[in-house]
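Okay, so here's the structure we're looking at.
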Amino acid sequence: MNKKSKSELLFRKAFIPWYDTGFFLFLTFGFALLVMLFSMAGIVAALDNPCFTGYIWVPSVSLLLSLSLTLSSLIRLGRRRGYVTEPQDR
């Protein structure tokens, strides 16, 4: 078995899984935006019709979940591009 020195192990390129690549993050971001628009339309429709005001929680939950997914994707893309920095340990 070939032993590697510590310097070779420390400076190798990081492995990025396929679901964390830029293409799939943009794809996730796009679908989350579509779900956000659809849920906003659902909220407007539920507020418009008095029969559906009791069900306004369904598009609201969908909006919150897609908003959290959008923010998560933006933070990951920002870290990858260098716009968002991680806190430094002291």
Nearest 0.5 Å, please: how far is CG in Leu34 from OG in Ser39? 10.5 Å
Could you report the tightest heavy-atom contact between Pro59 and Gly42, atom names first, then the distance? CG-C, 3.9 Å
Hey, any chance Val58 and Val61 share a hydrophobic cluster, counting ILVMFWY side chains that come within less than 4.5 Å of each other, even indirectly? yes
Can you check whether Met40 reaches Val44 side chain to side chain, under 4.5 Å on heavy atoms? no
Sequence neighbours left out, what pairs pass salt bridge (charged side-chain N to carboxylate O under 4.0 Å, His left out) with at least one residue falling in residues 40-60? none
Please say yes or no: joined through hydrophobic side-chain contacts below 4.5 Å, possibly via intermediate residues, are Leu37 and Leu74 part of one cluster? yes
Mind jotting down which residue pairs meet the ring-ring contact (aromatic ring centres under 6.0 Å, His included) criterion with at least one end in residues 24-68? Sequence neighbours excluded, please. Trp18-Phe24
So, does Thr70 use its side chain to make a donor-acceptor pair with the main chain of Ser66 at under 3.5 Å? yes
Hydrophobic clusters here meaning ILVMFWY residues chained together by side-chain heavy-atom distances under 4.5 Å, can you tell me if Met36 and Ile43 are in one? yes
Determine the minimum heavy-atom distance between Thr28 and Ser73, stating which atoms define it. CG2-OG, 3.8 Å
Would you kindly confirm whether Leu63 and Ile56 end up in one hydrophobic cluster when ILVMFWY residues are joined by side chain heavy atoms under 4.5 Å apart? yes
